Amino acid sequence: MENVSGLANTEKYPIFKTFIDTLKENNYNFNKDKKYEIIDVSDYGIPQSRKRLVLLASRLGEIQLTKRTHKDKKVTVRDVIKDLEPIAAGEISKSDPLHRASKLSSKNLKRIKSTQHDGGNFRDWEEDLILDCHKKESGKTYRCTVYGRMRWDAPAPTMTTQCVGLGNGRFGHPEQDRAISLREAAIFQTFPRDYKFSDPSKAVVVRHIAKFIGNAVPVELGSVIGKSIINHLEQYAIHI
């Protein structure tokens, strides 16, 4: 199983402890050191910082995830989107209907243009560009997490269902004056670069595809889990 890392808080989510206890009662085995792992998917070559809880259980014997492949050498934003066609806010690529960036209001366009390339945030702005809610004491804790640009040489932040909106997270392109496109978000989730999320003959509904992308298990993480299960089966001489 794969889920949000917060599920490990069994005081808040007692159902998870019940689930683990039920597996034990039914003779399921786990990793010999721990029952589940909280992983950052960037440790497996996925160009995104995204913490997830992964639990593998088997009635054959102990089972564990394959070893991390990129703990010391992350795949970065630059590695995966640097060669994409430049587009402006509100523009759609002629060669790829999913490489499209959301339109920006005049004020948000000023904000992104005032944001330093490669990781800048609201600290680069003039006072009149800072949102009123962010000037309040209650807004100071989260204002650095929105309207910012990604860094070229680091993994992308966690993709959410609103990852193509500039004000919904650090979803600004590292240097172009826009939020990331649907295609870029899909690439950070390791979907194939030409993956089609809807019938090509029908109009693209951005909010539907963004929700699909943000809610997805990164494709490569699914592959890692699948390979872990195959390795486990082969260990017990069960061939598939």
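Since the model is a prediction, treat every value here as computed from it, not as a measurement. All residue numbers refer to positions in the sequence shown, counting from 1.
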Checklist entry - Is Leu56 reachable from Leu53 through a run of hydrophobic residues whose side-chain heavy atoms are each under 4.5 Å from the next? => result no

Checklist outcome for this item: Separation between CZ (Arg178) and CZ (Arg100), nearest 0.5 Å, reads 13.0 Å

Checklist outcome for this item: Interatomic distance, CG@Leu98 vs CD@Glu184, rounded to 0.5 Å, equals 11.0 Å

Item to check | Closest contact, heavy atoms only, Arg149 versus Pro174 | outcome: CD-O, 3.3 Å

Next on the checklist: Please determine whether side-chain contact (heavy atoms from CB on, under 4.5 Å) holds for the pair Ile46 and Val224, giving the CA-CA distance in whole Å, both sets of side-chain angles, and the decisive distance to 0.1 Å.
Outcome noted: CA-CA 11 Å; Ile46 296 166; Val224 166; 6.0 Å; no

Checklist entry - Taking all atoms of both residues into account, what is the closest heavy-atom pair of Gly61 and Asn29, and its distance? => result O-CB, 3.2 Å

Checklist entry - Do Ile229 and Leu65 sit in the same hydrophobic cluster, where Ile, Leu, Val, Met, Phe, Trp and Tyr count as joined when their side-chain heavy atoms come under 4.5 Å apart? => result yes

Next on the checklist: Nearest 0.5 angstrom please: Glu220 CD to Ile225 CD1, how far?
Outcome noted: 10.5 Å

Item to check | N-O pairing of Glu2 and Arg52 below 4.0 Å | outcome: yes

Next on the checklist: Taking the six-membered ring for Trp, are Tyr195 and Phe197 closer than 6.0 Å centroid to centroid?
Outcome noted: yes

Checklist entry - Using 4.0 Å as the upper bound for N to carboxylate O, is an ion pair formed by Asp43 and Lys74? => result yes

Checklist entry - In Å and rounded to the nearest 0.5 Å, what is the NZ to CD1 distance from Lys51 to Ile38? => result 9.0 Å

Next on the checklist: A side-chain contact here means heavy atoms from C-beta on lying under 4.5 Å apart; do Ile213 and Phe188 qualify?
Outcome noted: no

Checklist entry - Is there side-chain contact between Gln235 and Ile63, with heavy atoms separated by less than 4.5 Å? => result no

Next on the checklist: Would the distance check show the side chain of Gln176 and the main-chain N or O of Ile87 forming a donor-acceptor pair, the cut-off being under 3.5 Å?
Outcome noted: yes

Item to check | Backbone N/O of Thr76 and side chain of Asp79: donor-acceptor pair under 3.5 Å | outcome: yes

Item to check | Working for side-chain contact (heavy atoms from CB on, under 4.5 Å), residues Lys24 and Phe30 | outcome: CA-CA 9 Å; Lys24 290 179 181 177; Phe30 309 91; 3.9 Å; yes

Checklist entry - Mind checking whether His117 and Trp152 have side chains closer than 4.5 Å, heavy atoms only? => result no

Checklist entry - Do any N or O atoms from the side chain of Arg170 and from the backbone of Val146 form a donor-acceptor pair under 3.5 angstrom? => result no

Checklist entry - Of all residues at least two apart in sequence or in a different chain, which pass the ring pair (Phe, Tyr, Trp, His ring centres under 6.0 Å) check with His99? => result none

Item to check | Criterion side-chain contact (heavy atoms from CB on, under 4.5 Å) on Asp96 and Glu85, from CA distance to verdict | outcome: CA-CA 10 Å; Asp96 181 1; Glu85 169 193 356; over 6 Å; no

Item to check | Ser198 to Ile209 - nearest heavy-atom pair and separation | outcome: OG-CD1, 4.0 Å

Checklist entry - Is the shortest side-chain N to carboxylate O distance from Lys113 to Asp177 below 4.0 Å? => result no

Item to check | Nearest-0.5 Å distance, OG of residue Ser105 to CZ of residue Arg111 | outcome: 6.5 Å

Checklist entry - Would you say the side chain of Leu23 lies within less than 4.5 Å of the side chain of Leu55, judging by non-hydrogen atoms? => result yes

Item to check | Side chain to side chain, Glu37 and Arg68, heavy atoms closer than 4.5 Å | outcome: yes

Item to check | Backbone of Ala216 reached by a side-chain donor or acceptor of Gln189 within 3.5 Å | outcome: yes

Checklist outcome for this item: Here the pair of heavy atoms bringing Thr22 nearest to Thr18 is OG1-O, 2.7 Å

Item to check | Side-chain H-bond candidate by donor/acceptor type, Asn231 with Ser228, under 3.5 Å | outcome: no

Checklist entry - Do Leu166 and Ile92 belong to the same hydrophobic cluster, where Ile, Leu, Val, Met, Phe, Trp and Tyr are linked whenever their side-chain heavy atoms lie under 4.5 Å apart, directly or via other members? => result no

Next on the checklist: When you group the ILVMFWY residues by side-chain heavy-atom contacts below 4.5 Å and let the links chain together, are Val4 and Tyr36 in the same group?
Outcome noted: no

Next on the checklist: Can a donor-acceptor pair be found, under 3.5 Å and without considering hydrogens, that links the side chain of Asp40 to the backbone of Arg50?
Outcome noted: yes

Checklist entry - Should the pair Phe19 and Phe16 be assigned to parallel (<30°), tilted (30 to 60°) or perpendicular (>60°) ring geometry? => result parallel

Checklist entry - Quick one: side-chain hydrogen bond (donor to acceptor under 3.5 Å, both in side chains) partners of Arg193, sequence neighbours excluded? => result none

Checklist entry - Which is it for Asn108 and Tyr147 under the side-chain contact (heavy atoms from CB on, under 4.5 Å) test, yes or no, and what are the steps along the way? => result CA-CA 9 Å; Asn108 277 343; Tyr147 290 97; 3.3 Å; yes

Checklist entry - Which value, rounded to the nearest 0.5 Å, describes the distance between Leu60 atom CG and Leu233 atom CG? => result 6.5 Å

Item to check | Close side-chain approach of Leu84 and Ile187, heavy atoms under 4.5 Å | outcome: yes

Checklist entry - Under a 4.5 Å cut-off applied to non-hydrogen side-chain atoms, are Asp118 and Glu175 in contact? => result no

Checklist entry - Going by atom types only, do Ser58 and His232 share a side-chain donor-acceptor pair under 3.5 Å? => result yes

Checklist entry - What are the two closest heavy atoms between Thr190 and Pro218, and how far apart are they? => result OG1-C, 3.7 Å

Item to check | Heavy atoms from other residues, nucleotides or ligands near CZ of Arg151 exceed 12 (cutoff 6.0 Å) | outcome: no

Checklist entry - Do Val164 and Leu109 share a hydrophobic cluster, counting only Ile, Leu, Val, Met, Phe, Trp and Tyr and linking them when any side-chain heavy atoms are less than 4.5 Å apart? => result no

Checklist entry - So do the side chains of Leu182 and Cys163 get within less than 4.5 Å of each other, counting heavy atoms only? => result no

Item to check | Gly120 versus Asp124, closest heavy-atom pair with distance | outcome: CA-OD2, 3.4 Å

